[in-house]
2 protein chains.
Amino acid sequence: MRKSQPDHTDICFCPLSGLLDVLAKKWALLIIAILGNEGEKGFNELKKELGSISPKPLSDTLKSLEGTGLVHKRILATSPPSVKYSLTPDGWQFREYLIPILVWVSERGGKDQPGCPIHRSPHRNSNNPK
Amino acid sequence: MRKSQPDHTDICFCPLSGLLDVLAKKWALLIIAILGNEGEKGFNELKKELGSISPKPLSDTLKSLEGTGLVHKRILATSPPSVKYSLTPDGWQFREYLIPILVWVSERGGKDQPGCPIHRSPHRNSNNPK
DNA sequence: CCGTATCCGATAGGATACTG
DNA sequence: CAGTATCCTATCGGATACGG
């Protein structure tokens, strides 16, 4: 249920803490950005894109993202059963809020390090890093 | 469904990682929200508002927020010399991006726990100092 | 291919005591 | 009041091995 008043005063920060516990994980925002850019991804696809992540933190992060309803896990009953992760509507919504921040951050500190391991658009797959 | 808007492509995520290292700290967003609501705050004022935080993490967090240019530390040469923390213009800008997320989060998971230690508006008392 | 199970090192953050 | 200095613990995240 929603508060009747649009002028949102009195926000309890407890849910924020809950979300933060998820988003503060090292790879969470990156996963959201990648799924937003490229749609569905499998576990090892994600792992490959993220580069240096180990299976455990990836698994943990995906679980918590699923738990907060930002990411959806779909299991395909194909001959080699495969798994696909994608953003939920809430995940898309959150990504919309996130994009201006990503852009702003990149403009502030915006040094494009040559050895940057992760270098992509916040909202489209344009592989033109240089 | 909203497609992603075109254009600002090629965002390097390195600066994001840097900012995340700061914002992922347990109390960082809360401090930004409080300073945004109430303007300048002293060290122990902040500590009291945050409730259960210990001096070390508070000190650490304030230093890193200062380091990324989101928070400004002002030292007053009053009789008992006091210190005041406040948001920088960048801090205010960031807070602007943050507010919709805070509101959104509180509306999604929006359970207002009775024992919530921190319960305030994300932008109640906007006395913008600039 | 999709993870889980273990072990391990690094670090965040709490408690407390103490100094300027 | 505004921190710093220790100490201690919990958790995160990486590596590797293994199972579904």
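Chain A is the first sequence line, chain B the second, and so forth, proteins listed ahead of strands; every chain is numbered from 1.
Neither OP1 nor OP2 of D:dC1 sits under 4.0 Å from any side-chain N or O of B:Ser82. Contact between the side-chain N/O atoms of B:Lys73 and the OP1/OP2 oxygens of D:dG3 is found at a separation under 4.0 Å.
Under the 4.5 Å side-chain criterion, counting only non-hydrogen atoms from C-beta, A:Leu62 is in contact with A:Leu46. When side chains are defined from C-beta on, A:Leu87 counts as touching A:Val71, because their heavy atoms get closer than 4.5 Å. With a 4.5 Å cut-off on side-chain heavy atoms, B:Phe43 and B:Leu58 count as touching.
Here B:Lys63 lies in heavy-atom contact (under 4.0 Å) with sugar-phosphate atoms only. Base engagement by A:Pro55 is indicated by at least one non-hydrogen atom pair under 4.0 Å involving a base atom.
For A:Ser86, the side chain to side chain contact (heavy atoms under 4.5 Å, CB included) criterion is met by A:Glu40, A:His72, not counting sequence neighbours. Under the side chain to side chain contact (heavy atoms under 4.5 Å, CB included) criterion, B:Thr61 pairs with B:Lys25, B:Ala28, B:Ile31, B:Leu65, not counting sequence neighbours. With sequence neighbours excluded, the residues that form a side-chain hydrogen bond (donor to acceptor under 3.5 Å, both in side chains) with B:Lys41 are B:Glu38, B:Glu49. With sequence neighbours excluded, the residues satisfying salt bridge (Lys or Arg N to Asp or Glu O under 4.0 Å) with A:Lys56 are A:Asp60. Not counting sequence neighbours, the partners of B:Pro100 by the side chain to side chain contact (heavy atoms under 4.5 Å, CB included) test are A:Tyr97. Residues satisfying the side-chain hydrogen bond (donor to acceptor under 3.5 Å, both in side chains) test with B:Asp90, not counting sequence neighbours, are A:Arg108. Partners of A:Lys48 under the side-chain hydrogen bond (donor to acceptor under 3.5 Å, both in side chains) rule, at least two apart in sequence or in another chain, do not exist in this structure. Every side chain to side chain contact (heavy atoms under 4.5 Å, CB included) that B:Thr78 has, sequence neighbours left out, goes to B:Leu76, B:Pro80, B:Ser82.
One distance of note links CG of A:Leu35 with CD of A:Glu45; it measures 10.0 Å at 0.5 Å rounding.
The CG atom of B:Leu46 sits 10 Å away from the P atom of D:dG3 (whole-angstrom rounding).
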Which nucleotides of DNA chain D pair, in dot-bracket form (Watson-Crick or G-U under 3.5 Å, | meaning another strand): ||||||||||||||||||.|

Enumerate all atom pairs, one protein N or O and one N or O from nucleotides 11-14 of chain D, separated by less than 3.5 Å.
residue	atom	partner	partner atom	Å
D:dG13	OP1	A:Lys26	N	2.7
D:dG13	N7	A:Lys56	NZ	2.9
D:dG14	OP1	A:Lys26	NZ	3.0
D:dG14	OP2	A:Trp27	NE1	3.2

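Where DNA chain C meets chain A (any atom under 4.0 Å from a heavy atom), the bounding nucleotides read 5' to 3' are C:dC1 to C:dC7.
Although no hydrogens or angles enter the test, the distance criterion places no donor-acceptor pair under 3.5 Å between the side chain of A:Ser64 and the main chain of A:Gly67.
DNA chain C is contacted by no residue of residues 64-71 of chain B, taking any non-hydrogen atom closer than 4.0 Å.
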